[in-house]
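Just so it is clear, the values below take in all heavy atoms, side chains as well, and ignore hydrogens, waters and symmetry mates. Note that ligands are numbered from 1 as they come in the structure, with each ligand's atoms numbered from 1 the same way.
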Amino acid sequence: MYPRRYCSVWPHRGIYYVNNPPDSLTLCTLGIGTAFGDGVLNNSPHTATVITNEHCELLRIEQRDFQELWERNPHLMEDIVSPLNTVRSLTDLHRRGEKKDTNGTSRNLPPSNKHPEPSSPEARNPALPITQEPSAKLRRAGKVLRTMIFSHAPHLIRDRKYHMKTIRRCLVGTEMVDWLLQQAIGGAVRIHSRAQAIGMWQALLEEGVISHVSQEYQFKDKHLFYRFREDQDGVGTTPSQDDRHLAEKEFQESLTVLLQLSPEAILRTIIRKPPEDRTADDIEVIFEELLHIKALSHLSNSVKRELAGVLFFESHLRTGTVLFNQGDEGTSWYIILRGSVDVVIYGKGVVCTLHEGDDFGKLALVNDAPRAATIVTREDNCHFLRVDKIDFNRILRDAEANTVRLKEHGQDVLLLQKILTDVRGVEGSHCHYNGCLYPSLGFYTFPIGSLVSSKFRLVTRYAVMAGTPQKMLEHLLETRIDIRVEDGTGPLTYSKDTFLEDFLLTHVIFMPSHQLCPELMKHYKVDSANSRHEKEFIVANKRRAVQFVHTWAIVVREAFFEDPIICSFLDDLQALLLKDFELYVGDLQMEVKLLAKMIDAKQRFQVDLASSASQRWKISNSGQLERLTSSGSAEEDEDEDRQPIKSTDEIIFRVYRADQTYTTLKTPTAATAETIKRSAADKLGLKDDVLLVEVRSTGEKVPFKDAEVSVPTGLSVNGKIFVCTADQIDSLRPLPEQEGPSEGTGDVLETFSSHDLAHQMSLYDWELFTVVHEYELTYQVFGRHQFRKSMSNLDVFLRRFNELQFWVVTELCLASSLSRRVQLLRKFIKVAAYCRDYQNLNAFFAIVMGLSNVAVSRMSQTWERLPGKLRKLYADFEALIDPSRNHRRYRIIVAKLAPPIIPFMPLLLKDMTFSHEGNKTYLEGLVNFEKMHMIAQTLRTLRYCRSQVLALEPPPISKVQQEVREYIRNIKVIDNQRRLTQLSNTLEPRRPC
Ligand code: CMP
């Protein structure tokens, strides 16, 4: 059929498929009256294979004759061969792996498993109507015009011969324009220009009242053939006499209607032109139109003008047309020009409706994420302006509105704000659409920020400011679960993006596990929640849910496996995943492995838990927390890592009566004050209406709230728990032992080197610090009584800070000789210096704050004897702990340190308290995620400080190391400031002025 290059052929009868080997993609189907093979004009090779579809008869023209014909009648020939040019350019682009829509934009072809957004054929071909049926108004106007032509210029509608073909009852574009202009002369309706008349005919063509005979051209003031709708399928009826009378009457009105519609029709013609065909005037016309569009009102005029050159018109005739599906790759942004659309989310249904002037579809573009919703037209004849991704990114991404509000059922559900962020990774890789996973399956690899790439680029994107917990989770799963593309190129990684981590660190505040787990399960069970059975979409959702859980486990660690709700959720998830693994063969392999690792870790954790079920703690008489072995003795195994105190661990402590007799209780660490009070009252034979009170060494009494947890660990350094009736509270007195030591340990301290002391202190502080869970800080700041979870590890660490402070003061105030005090002062300054070098800033602060305690700072005789060098060092230390400008000096220094660091914990808590008290947790029903971000920022500092294991340079081996170790773990102090000041006054009485 197509062996040689010498002809151009018109199908005379039958149908041809134009195929592009080798993949045999059908490019188009040609019918009677069309031509192909015009490559002979410029001697280029054929770009497609043409295959007959049925018995065909063709007319063949030799190359020489065809070229001659072309040269003589180019204006006629152009219209005949142009469809083939389109086919050819498509073929070329397919060869290059690109797709070009007929609007002229080219973009990378999406992989076959993706869902390119359909562009409506009506929009692409300006000859096709943009409404399914003509409106009654235009139908009537068309009928009137046809009747009037029949009455007054019947020769305009006639059969015409064209290329051996008879075209029935058609009109010529130029004659139609002439006729309209004539009709307006002297009439009530004034048509000022040919352009106006063209617009009037175009208005009829857009709604299918007239059409180009072969549906190739919009209305043109040219020698092109058009036909009325009535004459399309053969010859329509000739108007009756009555029709003619009526048409005469309605003619002026019909012209008025058409004249009104003309500018819009012209505008649409311009917008429907491929961008490269738009003239400067066209762009100006579009620009002026854009000035009135709500969705663009925030953009500058220069951005609008740029947009005018790139946007496409898109129309959809039928209600229920899907513009794109949730989960699809985002390729365009849309503005509604006419009509409305429903926003549909799986498992939720229609969440909102968008109307004329609204826009949609930019989230996926800005966040490089899949579509967050499906968009469906909710009426016939919807018109859109469309900006494709490549243009969006070039023109709009940075100019986009600062905030985006997503609504569901009329309520705000997500508030996003534009931020500038740097991005690393391979440009143009679409991380969310292909196979997955993190580079390592290692259970403790943390995916965020773990990909190192030299490519950095600043981009704008949207960060969550507020949202409902459910919507934030949905958004997180869609936009932040990092996925690696299979070809090995890295995904885009937002290096500063912490949304996922922030969410996981703070979810206990707004979405505890009993809410988060079922919501995650809903996302996992995406296949049961909707009727769309696209494997790729379903599998992608399941993957994301599993990967989320994996990241959750990594970020939250023990608290994750300690939570029975999460554990049973993991089991359920695994059961479902294994079934799905069989169903979606070969697709969820990585996730099965991931989950198996998590289950394994969970089981290990549970075994540990069972074996340490007897993990018990005891508050010693001096207030120290000791771990008890199964035999009941205080544990001392240097090699064993310190275990965190769990909510379920038991703790043994004393509760005193007003008469200072006591009972020993054993409760879980997370037992409430109420429970402790009840069991103490029972054991001590007290009646109801008792109070649980902390009595401090100062004599101060602080009653516990019933809901408070971690009671025994939350006491002040020498505090004790009392239970008494309300009328006994005033009579409570501290126990003698609460006073603390009456003799200092100066002589022992003298035998220890400062270096040894700082080293052992830092090892111990590190132990205490690393077992503090981030959640404990949240519990502490948001209210100890609110979460009913143990905070004992944090209590112990904070207590340690106070203990060290009072230790310094106590030792100096109990050193009766001046020389001992000077010696101690020197020692403490040196210990502080070593602590600073070890990056144990908690102890450093404690010591320096102890030295600046008034009971010490007032000992002028002692300070006077301090060598100048040490005095200068101490002055530097004081500057470092200076709280002015929100501890600026300290913050600057600590920002430069690399982990491991033991931070000044009270400042972290102060920061969190400040974030908490200065910001509401909920704003108009939405979680204030900015606040969560601030909270998480502090928690992240904590994570950073311990992100490396401690490896301290030890001091030169000394014989007393073990004693030093014992000493610093059993410090006894006076924590009564009044007493300390008294002691100080006795040692160095105030000098007479
Ligand atoms: P995108 O994710 O690109 O595609 C779907 C679009 O629906 C989304 O961008 C938003 O522009 C729009 N949309 C409107 N309301 C919502 C909503 N409540 N949730 C998600 N998307 C919405």
Side-chain angles (χ1 to χ4, degrees), residues 110 114-118 293-296 298 314 321-336 339-378 382 384-393 396-397 400-418 430-433 460-481 499 519 522-523 526 529-530 532 537 540-541 544 925-926:
K114 294 178 185 173
H115 311 276
E117 282 160 16
I293 293 177
K294 188 174 85 182
L296 305 178
H298 62 284
E314 184 162 324
T321 305
V322 174
L323 266 75
F324 53 75
N325 274 307
Q326 184 180 349
D328 286 354
E329 179 181 352
T331 54
S332 313
W333 174 54
Y334 293 84
I335 300 154
I336 307 176
S340 55
V341 297
D342 280 333
V343 179
V344 187
I345 295 182
Y346 291 109
K348 291 187 182 171
V350 177
V351 295
C352 69
T353 299
L354 304 173
H355 301 272
E356 192 173 314
D358 290 336
D359 68 308
F360 57 87
K362 71 178 153 219
L363 284 188
L365 305 189
V366 176
N367 293 323
D368 278 306
R371 292 294 192 192
T374 298
I375 302 287
V376 189
T377 58
R378 66 190 288 276
C382 291
F384 306 91
L385 288 179
R386 195 188 79 219
V387 180
D388 286 345
K389 185 173 180 173
I390 192 164
D391 299 316
F392 182 91
N393 281 342
L396 275 161
R397 196 165 179 144
E400 253 320 305
N402 276 333
T403 49
V404 171
R405 268 169 203 278
L406 295 186
K407 288 181 185 287
E408 289 183 5
H409 311 295
Q411 303 285 325
D412 285 340
V413 288
L414 200 63
L415 184 62
L416 304 162
Q417 186 153 10
K418 195 171 81 176
H430 300 288
C431 50
H432 288 280
Y433 308 101
T460 43
R461 60 199 304 270
Y462 285 107
V464 171
M465 293 290 120
T468 61
Q470 295 76 7
K471 189 70 186 177
M472 288 196 296
L473 176 66
E474 183 183 299
H475 185 68
L476 193 60
L477 288 168
E478 273 161 3
T479 61
R480 300 300 203 282
I481 301 299
F499 181 31
E519 202 58 34
K522 263 202 241 164
H523 284 277
V526 59
N530 70 80
R532 184 176 155 194
F537 176 79
N541 274 278
R544 279 187 224 134
L926 302 182

Just to be sure I read this right, does ligand 1 sit under 4.0 Å from the backbone of K471, its side chain, both, or neither, counting only heavy atoms? side chain
Could you tell me whether some N/O pair between D359 and ligand 1 is separated by less than 3.5 angstrom? no
What pair of heavy atoms forms the shortest contact from R480 to H475, and how long is it? NH1-NE2, 3.9 Å
Look at ligand 1 and say whether W333 reaches it with a heavy atom at a distance under 4.0 Å. no
Interfacing atoms of ligand 1 (cut-off 4.0 Å, heavy-atom, A364): 1 (P), 2 (O), 3 (O)
Specify side chain, backbone, both or neither for E478, according to which of its non-hydrogen atoms lie closer than 4.0 Å to ligand 1. neither
Looking at CZ of R405 and CG of L415, how far apart are the two atoms once the value is rounded to the nearest 0.5 Å? 5.0 Å
Nearest-neighbour protein heavy atom for atom 18 (N) of ligand 1, which is reported as residue plus atom name and distance: K407 O, 2.9 Å
For ligand 1, which is the ligand I care about here, please tell me if V351 has any N or O atom under 3.5 Å from one of the ligand's N or O atoms. no
Assess G330 for proximity to ligand 1: is some non-hydrogen atom of it under 4.0 Å away? no
Could you pull out the closest heavy-atom pair between G339 and C382, with the gap in Å? CA-SG, 4.0 Å
Nearest 0.5 angstrom please: L296 CG to K294 NZ, how far? 11.5 Å
Below 30° counts as parallel, above 60° as perpendicular, anything between as tilted: where do the rings of Y334 and F384 land? perpendicular
May I ask you to list the atoms of ligand 1 that are less than 4.0 angstrom from any heavy atom of F360? 11 (O)
Check I375 against ligand 1 and report side chain, backbone, both or neither, counting heavy atoms closer than 4.0 Å. side chain
When you measure from atom 2 (O) of ligand 1 to every protein heavy atom, which one gives the shortest distance, and what is it? A372 N, 2.8 Å
Quick one: CG on N541 to NE2 on H523, what's the gap to the nearest 0.5 Å? 8.0 Å
Where ligand 1 meets F324 - atom numbers and elements under 4.0 angstrom, heavy-atom basis: 4 (O), 5 (C)
Salt bridge check: are K389 and D368 linked by an N-O gap of less than 4.0 Å? yes
Using a 4.0 Å heavy-atom cut-off, which part of I345 comes near ligand 1: side chain, backbone, both, or neither? side chain
So OG1 of T468 and CD of E408: to nearest 0.5 Å the spacing works out to 6.5 Å
Which is it for C352 and ligand 1 at heavy atoms under 4.0 Å: side chain, backbone, both or neither? side chain
Of the side chain and backbone of V343, name the one, both, or neither that has a heavy atom under 4.0 Å from an atom of ligand 1. side chain
Distance col, row F537:CZ vs T374:OG1, nearest 0.5 angstrom, shows 6.5 Å
Rounding to 0.5 Å, atoms CD (Q411) and CG (L406) come to a distance of 13.5 Å
The closest protein heavy-atom partner of atom 11 (O) of ligand 1 is G361 N, 2.9 Å
The one among R371, H409, E408, Q326 that brings a heavy atom closest to atom 3 (O) of ligand 1: R371
With no hydrogens and no angle check, is any side-chain donor or acceptor of R371 less than 3.5 Å from a backbone partner on G361? yes
